[in-house]
Trainee: 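One structure coming up, written as structure tokens, with questions to follow.
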Amino acid sequence: MRKSLQNPKIIKLTLPDGSLREFPMAVSGLEIAMAIGPGLANAALAIRFNGELRDLKTEIYEDGEFSVVTLKDEDALELIRHDTAHVLAQAVQELFPDTQVTIGPTIENGFYYDFARENQFSSDDFEVIENRMVEIIDQDLPIERKIWNRDEATNHFLSKGEVYKAEIINDLPEDEEVSVYRQGNWLDLCRGPHLPSTGKLPKAFKMMKLAGAYWRGDSNNEMLQRMYGTAWSDQKQLKAYLHMLEEAEKRDHRRIGRELNLFHLQEEAAGAVFWHPNGWTLYRTVQSYMRIRLERAGYVEVNTPQLVDRTLWEDSGHWEKFRESMFVTEDEEKVLAIKPMNCPCHVQIFSQGIKSYRDLPYRMAEFGSCHRNEPSGALHGLMRVRAFTQDDAHIFCTNEQITSETKIFCDLLMSIYKDFGFEDVIIKYSDRPQVRAGSDEVWERAECALKEAVEAADYDYVLNPGEGAFYGPKLEFVLRDAIGRDWQCGTLQVDFVLPERLDASYIGMNGEKHRPVMLHRAILGSFERFIGILIENFSGRFPLWLAPLQIVVASITDEAASYAEDVVAACRAVSLKAETDVRNEKINFKVREHSVAKVPVIFVVGAREATNRTVSIRRLGGKEQEIVALAQAVDTLAMEAAMPSLLSD
RNA sequence: GCCGCCGUAGCUCAGGGGUAGAGCGCGCCCUUGGUAAGGGCGAGGCCGAAGGUUCGAUUCCUUCCGGCGGCACCA
């Protein structure tokens, strides 16, 4: 490099518009920007060279693709957020000198910074901190990158009492440069890149929340204080983001669950759901639908005990691995555990009566009610509970059947998700975790089998290394909801271990005993959580087939009350879920109330409708009404309310 | 489990060392009104639980329970 500096030569850069421009070697990003135009140079935040984001002042020594990053670029957000995190850290250290800095990365929609400090921060401190941040931005401090000698850097941070930074330097790979960014009197160890000065920040940020976080994400380490913030290119984006958060809060399943009277939770049964009539109706609809789909897919349904002796859990390996999160009780002489999962019990059923290879694949389903003693801090509405019901099943099959069963399962799952309105699904393939049961050889076999299967099934998947179940590799099915959030629901896990441990066998074609393979699989995951997801996805406005109350028949005056009863009877005769509203209230009031309650259809009936045997149909969210003969209205809606996938096949 | 915040009427929340307030909802009365809130009156609270400080605690302190936001965990 020295050598080439002594012999200046020309480098060729391709700009985003495709044009090629020549510059002397070691030209800086800023100089290039100036050469292109002073306006661009002024707006320049950083550069992208051969795909990599770099500081604006980075010198360039070779040909390549070059672009200037300004506020208009997607890339800018990453820079802004990272810089805002630094400004936050500077503000915090200026205001609270007893604070140590640790790390402050960008995250989706913003950034955080973890601080170590004896005293607790409070969110009341945010206002002061934000004000100081604005001051730092207004000072327009130049941000300078320096490469430091490793020992110098360590000593510098240690001398300032920054033991976390020193530890980070110590753990950097030997060949990595130790770079430091200085802004004013404040500096931070950082890889970069950063903006040229604090004044380039658009001041469209907001400190959001304060939370604890373990140093290096390890619960054995001390807890730091994490500050979350959001940052954007301009005020408009910031406002839009804050508005989006408000909207997301409105579809929170806990709020809608209360508003639509679906369920409640209370402290006497933390982590367990009290399903109200509406919620239970929804639950039963989902369950009935699943039952039909499973029956059609060749599953048999079983039901197994809640309380099972510890010996079975010892045999299965759960006692050793998951004892902590099992609810355990005893009678006079036995120790019993409430089942945390269904698989050991399913093996018991499988093993009753010797199975033949002719019986395989044997698809055993259970809407299995399970309990797991989840850590108190993990509980969250319906999404994370201690008492739940899985749409669980175990497919007992031969090695050769893994591929076809995997494909059949993936197809079933995709079809079911589609019926619930989820079309955007990704598959993750997770292989052996650190802590696991079974030999490496068995794992090798299981991993290959599953990988082959998913590839044969012709679905795309992404790798998720080290995240498999303790007994086998797995596929995870992640669906994307209406506002773009991902939820992992379905799973398929190959298990050679449990059949071995619980001695499951079948008689093969050759008359000898063989081990079946077990495929653990779920589609919804748990009913509780899946219903939570449905609530948030639809924001409580369920499609007709899922709506717990489909039609309200609202009378205008008492004159129509008895006709309203007739209409409800006609609906119920075709299994439409209908109620009357013959209260002494104005029709405006009734329409509003049932609209707020997100009832999909309101039939308004007055004297005219009663005389003509018609109904005035009003759809949720619609403004128009349609007058239709009762019989026809009921027919149409009954068709519409049918479970998807069940009419056609 | 860990850190922070919170716990007051069915719900959403205000208040604050001298035993409590609003809106919505609920009940009753008037109103029978044609597609998103008609009017009046009224009931409703061991201020999460247990200890402590105090003449006196819902208010201050401690512990516990639960909720919320994260972290860790998630067979």
Side-chain angles (χ1 to χ4, degrees), chain A residues 112 114 120-124 208-228 252 254-255 258-259 261 264-271 313 316-318 320-322 324-326 339-344 370 372-381 383-386 390 392 433 435-437 467-472 474 488 491 493 495 497-498 520 522 525-526 529 554-561 582-597 602-609 616-625 627:
Chain A
Y112 67 77
D114 285 349
Q120 288 297 336
F121 290 110
S122 136
S123 45
D124 298 340
M208 301 298 283
K209 57 197 170 198
L210 200 54
Y214 297 108
W215 167 236
R216 302 205 144 164
D218 184 338
S219 58
N220 296 314
N221 290 343
E222 60 275 33
M223 183 155 277
L224 307 172
Q225 301 187 65
R226 178 171 295 179
M227 289 186 191
Y228 285 92
D252 188 308
R254 293 164 298 186
R255 172 204 278 247
R258 188 169 54 238
E259 288 169 352
N261 197 11
H264 84 270
L265 300 157
Q266 66 184 55
E267 60 180 273
E268 287 82 354
W313 304 114
S316 71
H318 291 93
E320 189 194 341
K321 291 271 192 299
F322 296 106
E324 289 302 298
S325 45
M326 287 163 74
K339 69 174 170 183
M341 56 195 327
N342 311 296
C343 27
C370 296
R372 296 178 186 172
N373 197 355
E374 301 284 0
S376 56
L379 300 180
H380 179 89
M383 301 304 189
R384 190 82 179 265
V385 287
R386 288 182 175 145
Q390 295 176 307
D392 197 12
V435 182
R436 55 179 183 264
E467 295 293 318
F470 81 95
Y471 48 72
K474 62 183 178 186
Q488 194 228 300
T491 180
Q493 306 166 4
D495 184 359
V497 176
L498 198 60
H520 305 244
S526 91
R529 180 160 173 276
S555 58
I556 289 171
T557 67
D558 290 348
E559 282 182 298
V582 295
R583 292 175 302 170
N584 175 12
E585 297 290 352
K586 289 193 171 180
I587 195 63
N588 286 307
F589 181 89
K590 294 184 184 182
V591 165
R592 176 182 154 79
E593 197 165 88
H594 300 302
S595 300
V596 168
I602 301 172
F603 284 174
V604 174
V605 293
R608 289 203 297 271
E609 286 78 8
S616 167
I617 304 175
R618 184 191 169 106
R619 302 265 180 173
L620 179 58
K623 288 266 177 279
E624 294 91 53
Q625 303 105 46
I627 312 277

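Letters go in sequence order (proteins before strands), and every chain restarts at 1.
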Trainee: Going by modelled atom types, is there a donor-acceptor pair between the base of B:U32 and the side chain of A:Asp558 at under 3.5 Å?
Mentor: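 Under the 3.5 Å cut-off, the side chain and the base do form a donor-acceptor pair.
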Trainee: Hey, does the side-chain of A:Tyr214 have a donor or acceptor N/O within less than 3.5 Å of a partner on the base of B:G70?
Mentor: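 Counting by modelled atom types and ignoring angles, no donor-acceptor contact under 3.5 Å is found here.
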Trainee: Give none if B:C55 has no partner; otherwise give the nucleotide forming a Watson-Crick or G-U wobble pair with it, both distances under 3.5 Å.
Mentor: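 Its partner is B:G18 (Watson-Crick or G-U wobble, both distances under 3.5 Å).
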Trainee: Taking CD from A:Glu267 and P from B:G48, how many angstroms apart are they, rounded to a whole number?
Mentor: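 The answer, rounded to whole Å, is 11 Å.
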Trainee: A:Gln225 CD to B:C2 C1': how many Å, rounded?
Mentor: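 Whole-Å distance recorded here is 13 Å.
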Trainee: Using a strict threshold of under 4.0 Å (side-chain N to carboxylate O), is an ion pair present between A:Arg254 and A:Asp252?
Mentor: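 Salt bridge flag = yes for A:Arg254 with A:Asp252.
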Trainee: Could you give the NE2-to-C1' distance, from A:His380 to B:C73, as a whole number of Å?
Mentor: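 Interatomic distance, NE2 of A:His380 to C1' of B:C73: 16 Å.
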Trainee: Does a side-chain N or O of A:Ser616 approach OP1 or OP2 of B:U35 to a distance below 4.0 Å, or not?
Mentor: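 For B:U35, OP1/OP2 do not have a side-chain N/O of A:Ser616 under 4.0 Å.
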Trainee: Check this for me: does the side-chain of A:Glu268 come within 3.5 Å of the base of B:G48 through a donor and an acceptor?
Mentor: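 For A:Glu268, whose side chain was compared with the base of B:G48, there is no donor-acceptor pair (under 3.5 Å).
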Trainee: Any side-chain N or O of A:Arg386 less than 4.0 Å from the OP1 or OP2 oxygen of B:C73?
Mentor: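 For B:C73, neither OP1 nor OP2 has a side-chain N or O of A:Arg386 closer than 4.0 Å.
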Trainee: Which pair of non-hydrogen atoms, one from A:Ala607 and one from A:Glu559, has the smallest distance, and what is that distance?
Mentor: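 For A:Ala607 and A:Glu559, the tightest heavy-atom pair comes out as CB-OE1, 4.0 Å.
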Trainee: Which whole-number value in Å describes the distance from A:Glu609 CD to B:U35 P?
Mentor: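 Rounding to the nearest Å, CD of A:Glu609 and P of B:U35 are 11 Å apart.
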Trainee: Would you please confirm or rule out a distance under 4.0 Å between OP1 or OP2 of B:G69 and any side-chain N or O of A:Lys209?
Mentor: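 For A:Lys209, the contact criterion (side-chain N or O under 4.0 Å from OP1 or OP2 of B:G69) is not met.
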Trainee: Can you find an N or O donor on one side and an acceptor on the other, under 3.5 Å apart, linking the side chain of A:Arg372 with the base of B:C74?
Mentor: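 No pair found.
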Trainee: Does B:U35 have OP1 or OP2 under 4.0 Å away from a side-chain N or O of A:Asn588?
Mentor: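 No.
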Trainee: Would you confirm whether A:Arg386, through its side chain, and A:Arg372, through its main-chain N or O, come within 3.5 Å as a donor-acceptor pair?
Mentor: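 Flag not set: sc A:Arg386 to bb A:Arg372 has no pair under 3.5 Å.
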Trainee: Could you state the atom-to-atom distance from CE of A:Met383 to C1' of B:C73 in whole Å?
Mentor: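 The distance from CE of A:Met383 to C1' of B:C73 comes to 18 Å, rounded to the nearest Å.
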Trainee: Which residues pass the salt bridge (Lys or Arg N to Asp or Glu O under 4.0 Å) test with A:Glu259, sequence neighbours left out?
Mentor: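 Result, salt bridge (Lys or Arg N to Asp or Glu O under 4.0 Å) vs A:Glu259: A:Arg255.
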Trainee: Counting only distance, no hydrogens or angles, is the base of B:C71 paired donor-acceptor with the side chain of A:Arg216 under 3.5 Å?
Mentor: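 Result: no qualifying N/O pair found.
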Trainee: Once you round it to whole Å, what is the distance between P of B:A72 and CZ of A:Arg226?
Mentor: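 Rounded to the whole Å, the gap is 7 Å.
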Trainee: Can you tell me if A:Arg618 touches the phosphate of B:A36, counting only side-chain N or O atoms and a distance under 4.0 Å to OP1 or OP2?
Mentor: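 Yes.
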